[in-house]
Engineer: 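Mind having a look at this structure? Questions to follow.
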2 protein chains.
Amino acid sequence: MSRQPRRELRLNTFQMAAPSHNWAGLWKHPRDNQAQYHQLRYWADMARTAERGLLDGIFIADVFGIYDVYAGNADAALVAGAQSPQLDPTMLISAMALVTEHIGFGVTSSLSNDHPFSFTRRFGTLDHLTNGRLGWNIVTGYLESGARGLGRDSLRDHDERYEVAEDFMAAIYQLWEGSWEAGAAVRDKDTGMFTHPERVHAVAHDGPYYRVHGRALAEPSPQRTPLLYQAGSSARGQQFAGRHAEACFINGPTPAAAAKSVKALRESARNAGRDPYDLLTLLGATVIVAPTTSEAQDLRDDYRRYLDSAGQLALVSGWTGMDLSQLGLDDVLPFAKTNAIQSTVEHLTRNTPQPPKVRDLLDFSPVGARAPVFIGSPVDVADQMAHWVAESDIDGFNLVRTVMPESLDAIVDLLIPELQNRGMFKTRYAQGTLREKLFPAGGKLLPASHPGAAYRR
Amino acid sequence: MSRQPRRELRLNTFQMAAPSHNWAGLWKHPRDNQAQYHQLRYWADMARTAERGLLDGIFIADVFGIYDVYAGNADAALVAGAQSPQLDPTMLISAMALVTEHIGFGVTSSLSNDHPFSFTRRFGTLDHLTNGRLGWNIVTGYLESGARGLGRDSLRDHDERYEVAEDFMAAIYQLWEGSWEAGAAVRDKDTGMFTHPERVHAVAHDGPYYRVHGRALAEPSPQRTPLLYQAGSSARGQQFAGRHAEACFINGPTPAAAAKSVKALRESARNAGRDPYDLLTLLGATVIVAPTTSEAQDLRDDYRRYLDSAGQLALVSGWTGMDLSQLGLDDVLPFAKTNAIQSTVEHLTRNTPQPPKVRDLLDFSPVGARAPVFIGSPVDVADQMAHWVAESDIDGFNLVRTVMPESLDAIVDLLIPELQNRGMFKTRYAQGTLREKLFPAGGKLLPASHPGAAYRR
C-alpha cells in the first residue's frame with residue numbers, strides 16, 4: 001500500500017452530553033465545567049473555542065443506555081457521572097452552528113433507535129441548518145440497557161446488528177440520494193413552482209428489517225448524505241466501514257495496534273472498490289499539554305486525583321461486556337468473546353505488549369484510554385503525534401476531553417500553534433461543506449465510488 | 001361555568017419548517033422569505049422578533065407526511081410548497097433558545113414516529129437547553145403518506161390513535177416524573193457523587209403498545225414534563241385533552257364554533273378532575289395589520305394575489321381526507337366521516353352559518369383558514385380579538401404567518417402596542433419556566449391535579 005502524498009492532520013474535539021465522557025470523575029475538578037453539560041452555554045463556548053483552534057470537527061459520542069455491567073448495576077456509573085445522565089446530542093447542533101461558520105459536527109446516533117424515514121428528515125435538517133457541516137457517526141448500540149429501555153428483550157447479536165445497519169443504509173441512501181433529483185426544489189417565484197413534482201420520486205424499500213414507501217419529506221441538504229463516520233473496529237465492523245464510512249474513529253493502545261486497524265480498514269475500502277484514502281482514520285487520543293514538560297506532568301498528577309476508579313471500571317465493563325468488579329486490582333484482564341465492543345476486548349487483551357492488570361486501567365495510560373495519551377509540552381505532544389501518524393498511517397485524532405474547558409483551551413492555545421509551526425496543521429479553514437473540507441479533491445456529495453452514490457439519479 | 005378573573009391574553013407566532021404553512025403560495029411574494037425556512041437565520045431572526053414583541057411562544061407545526069389526497073397525488077402540494085418540503089422542527093430549537101431568554105417553544109411531534117424511551121430523552125434535552133421553555137404539541141398524525149413512509153400499511157384508525165397516545169403518555173410520565181427523584185443529581189464535587197443511585201428508579205412499563213424497562217437516561221429538566229399542548233378537537237381528542245393537555249390549539253371559523261370547542265374542552269378537564277382553566281385554549285388566527293384600515297385591506301389584496309389555489313385545496317383535502325379536486329368551485333363542501341382531522345370536517349361543514357363552497361376556501365376567509373382572519377388597523381384587529389375572546393372564552397391565539405417576516409414585524413410593531421395600551425397584553429415577561437409564565441399561580445412542574453403528577457415520587 002503506497003502512502004499518499006503528505007496529508008493534512010485532522011483533529012476533532014471529542015465530546016459527550018454527559019458529566020463524564022471517557023475519563024470518569026473529572027467533573028469533580030475545581031476548575032471543571034462538565035457538570036454544566038446540560039446548559040447551552042457549555043456547548044456554545046466550546047464550539048467557539050474549537051473553531052478558534054481551526055479544529056476540523058466537534059465529534060459527539062452517544063451511547064443510549066447506562067453502564068450496568070460492572071457489579072451488575074448502574075451505581076458506579078451514576079455516582080461517577082460516567083456517561084450518565086446523558087442528553088440527546090442531535091439537539092445541541094443548531095445552537096453551535098449559529099455561533100460558528102466552518103467547524104464540522106460529527107454526531108453519534110444509533111440507528112437501532114430510529115426509522116429511516118424519520119431519521120433522514122432529522123439528520124437532513126441538521127445538514128441544512130449547518131449549511132453542510134454535518135457528519136453522522138453510525139453506531140448500532142452495545143448496551144443491553146438501551147435495548148431494554150426500548151422494550152426489547154435483549155440486544156441483537158453483534159454481527160446481526162450490522163445486517164440491520166446494512167438494511168438501514170440501503171433505505172437512507174434511497175431517501176437522501178434517490179428521492180429528490182438535483183434541482184427539484186426550484187423555488188421559482190415567477191412561475192410559482194417551489195418543487196418540480198416530476199423530479200421527486202417515491203422510494204419503495206422492502207428490506208429484511210425496514211420498509212419505506214414514499215418520497216423523502218425534506219429536500220436535499222448541501223451534502224445530501226451527511227459525512228459518514230463509523231466507529232466499529234471488529235472484523236464485521238471493518239467490512240461495514242469499508243463499504244460505507246468516509247471517516248472511521250478507532251482506538252488502539254499502541255501504534256502497531258492502531259496501524260493494524262488502519263491497514264484492515266483501508267484494505268476493506270479497497271475491497272469495496274473505493275480508494276483506501278477516501279476513508280479517513282481518526283484515533284482517539286488524550287492530550288494533557290502545558291507550556292513545559294514538567295508543568296504538563298504536574299497537571300496530569302493534579303487531574304489524576306479526580307479520576308473515579310469505580311466509574312472508570314464501569315465504563316470498561318460496559319465497553320467489553322465483562323464485569324470487572326469480579327477481578328482484583330492485580331488480576332490480568334482476560335480475553336472473552338462478548339456481545340459488546342469486540343474491538344475493545346481485543347485491544348485490551350491482545351493488542352498490547354502484555355495484557356494489563358485491572359489497576360492499569362485506572363490511570364491516564366494507553367490501556368486505560370484504549371488509545372494514546374500524550375502528555376508534555378507542545379513540542380513533546382507534537383513529536384508524539386507525528387510519531388503515531390508515521391507509524392500507524394492514521395489521518396488524525398479525536399481528542400478526548402479531560403478537564404473542561406481548560407484542556408480544550410490548552411490544545412487550541414498551545415498545541416495548535418506548534419503543529420502549525422511545523423506545517424502539520426492548517427492555518428485557515430478550506431471553503432465548502434464538511435466533505436469538501438476533509439476531501440479537498442472531491443465535491444459536496446458522496447464520491448462516485450461510494451455505494452450511496454449509486455442511488456443518485 | 002364561572003369565568004375566572006381577567007386572564008392574560010396569550011399569543012404565539014405559528015410557524016412551520018416549510019415554505020408554506022397554512023396559506024399556500026405566499027413564499028412567492030416578492031418580500032417573503034419563507035423559502036429560506038431551511039436556513040438558521042430565518043429562525044434566529046424570527047425568534048428575536050417574536051421575543052421583542054413579548055409573544056408567549058413560537059408554536060411550530062409539523063405534519064410528517066405529504067398532502068397527496070388532492071387528485072390522488074402530491075403534485076399540488078409540491079408545486080405550492082404547501083407544507084412540503086419540510087424539516088424536523090425539534091432541530092431548530094437550540095439555536096432559537098440561544099438568541100432568546102424568555103419566549104417559549106411549542107414543538108409539534110407525532111408520537112407515532114417515536115418510542116417513549118428515546119422521545120423522553122430528546123424532549124427532555126430541549127427542556128434543559130431552553131432552561132424550561134419547552135412545550136410539546138402532542139399529535140398522532142393524520143396523513144396516510146406518513147404511515148407508509150414508516151413502512152406501515154396504513155394509518156391507524158382515528159380513535160385507536162388516541163389509545164396509542166394514552167399508552168405513550170403513561171410511559172413518558174413514568175420516565176419524566178417517576179424515574180429520577182428530586183435532587184437525585186446532586187453534583188457534589190466534594191463527596192464525588194454526581195447522581196445518588198438510590199434516587200433513580202427503573203421504569204417497568206408493559207402497555208398495550210409500548211414497553212419500557214429501565215431508568216430514564218436524562219436527568220429531570222426544569223419542567224420535567226414539558227408543557228403539554230394538544231391539537232385534536234374531535235370528541236375523542238377532547239377527552240384526551242381534558243386529561244393531558246395544559247394548552248390546546250383549536251380552530252373554529254366562528255366565535256360560536258370556537259366557544260363550543262372551548263366549552264367541551266373545559267368540561268373534559270373538569271371531568272378529569274382538573275380545574276377547567278388549567279387548560280389554556282389557543283385559537284388559530286390570521287392577522288393582516290397595517291397602520292390604517294385601508295392600508296390593511298390593500299395589503300390583503302396584495303397578499304391574496306400570491307395564494308396558490310391548488311395548493312390551498314391540497315391542504316384542505318389533507319386535513320379533511322376528502323379529495324376536493326372532485327368538486328367544482330361552486331360545489332358545497334359535503335360532510336364526511338373520514339380518518340383525517342375530524343374536527344376540521346365538522347368546522348367546515350357543520351359549524352359555519354352555511355357550509356362553504358369550494359371557492360370560499362381560496363381566500364383569506366374564516367372558512368379558508370378554519371379560524372378567524374383579522375384584517376385592519378391595530379384598533380380594528382384589537383377590537384376583533386377582544387370580541388372573539390369575550391364570545392368564545394379562549395385564552396389567546398396562534399398567529400398563522402402570512403408574508404414573512406413583515407407579517408410578524410407588523411404584529412410586533414403595530415398590534416402589540418395597541419393591545420398593551422388597552423391592558424390586554426403584558427408589558428414584560430414573567431420570570432420562570434414556560435409553565436410558570438403561563439400559569440403564574442403554579443410552579444415549574446405539572447400541577448397535582450394533572451395525571452402525570454401521580455407518577456412523581
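Below, chain A is the first sequence line, B the second, and so on; all start at residue 1.
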Engineer: Just to verify, what does Tyr303(A) make a ring pair (Phe, Tyr, Trp, His ring centres under 6.0 Å) with, not counting sequence neighbours?
Structural biologist: His29(A)
Engineer: Report which part of Tyr42(A) has an atom under 4.5 Å of a heavy atom belonging to chain B: side chain, backbone, both, or neither.
Structural biologist: neither
Engineer: Val186(B) versus chain A, heavy atoms under 4.5 Å apart: side chain, backbone, both or neither?
Structural biologist: neither
Engineer: Would you indicate whether the side-chain heavy atoms of Trp27(B) and Lys189(A) approach each other to under 4.5 Å?
Structural biologist: yes
Engineer: For the candidates Asp32(A), Val63(A), Leu150(A), which exhibits the highest count of non-hydrogen atom pairs separated by less than 4.5 Å from chain B?
Structural biologist: Leu150(A)
Engineer: Just verifying a value: how many Å separate Ser20(A) OG and Tyr306(A) OH, rounded to the nearest 0.5 Å?
Structural biologist: 14.0 Å
Engineer: So which bits of residues 108-116 of chain A come within less than 4.5 Å of chain B, counting non-hydrogen atoms only?
Structural biologist: Asn113(A), His115(A)
Engineer: Not counting sequence neighbours, which residues clear ring pair (Phe, Tyr, Trp, His ring centres under 6.0 Å) with Trp23(B)? List them please.
Structural biologist: Phe364(B)
Engineer: Is Leu92(A) in contact with chain B via its backbone, its side chain, both, or neither, using a 4.5 Å heavy-atom distance?
Structural biologist: both
Engineer: With a strict 4.5 Å heavy-atom criterion, list every residue of residues 210-218 of chain B that contacts chain A, or say none.
Structural biologist: Arg211(B), Val212(B), His213(B), Arg215(B), Leu217(B), Ala218(B)
Engineer: Taking Gly192(B), Ala80(B), Ser145(B) one by one, which has the highest count of heavy-atom pairs under 4.5 Å against chain A?
Structural biologist: Gly192(B)
Engineer: Who wins among Asp206(A), Leu98(A), Thr90(A), Leu129(A) for the most heavy-atom pairs under 4.5 Å with chain B?
Structural biologist: Leu129(A)
Engineer: With a 4.5 angstrom heavy-atom cut-off, could you sort out which part of Ala185(B) is near chain A: side chain, backbone, both or neither?
Structural biologist: neither
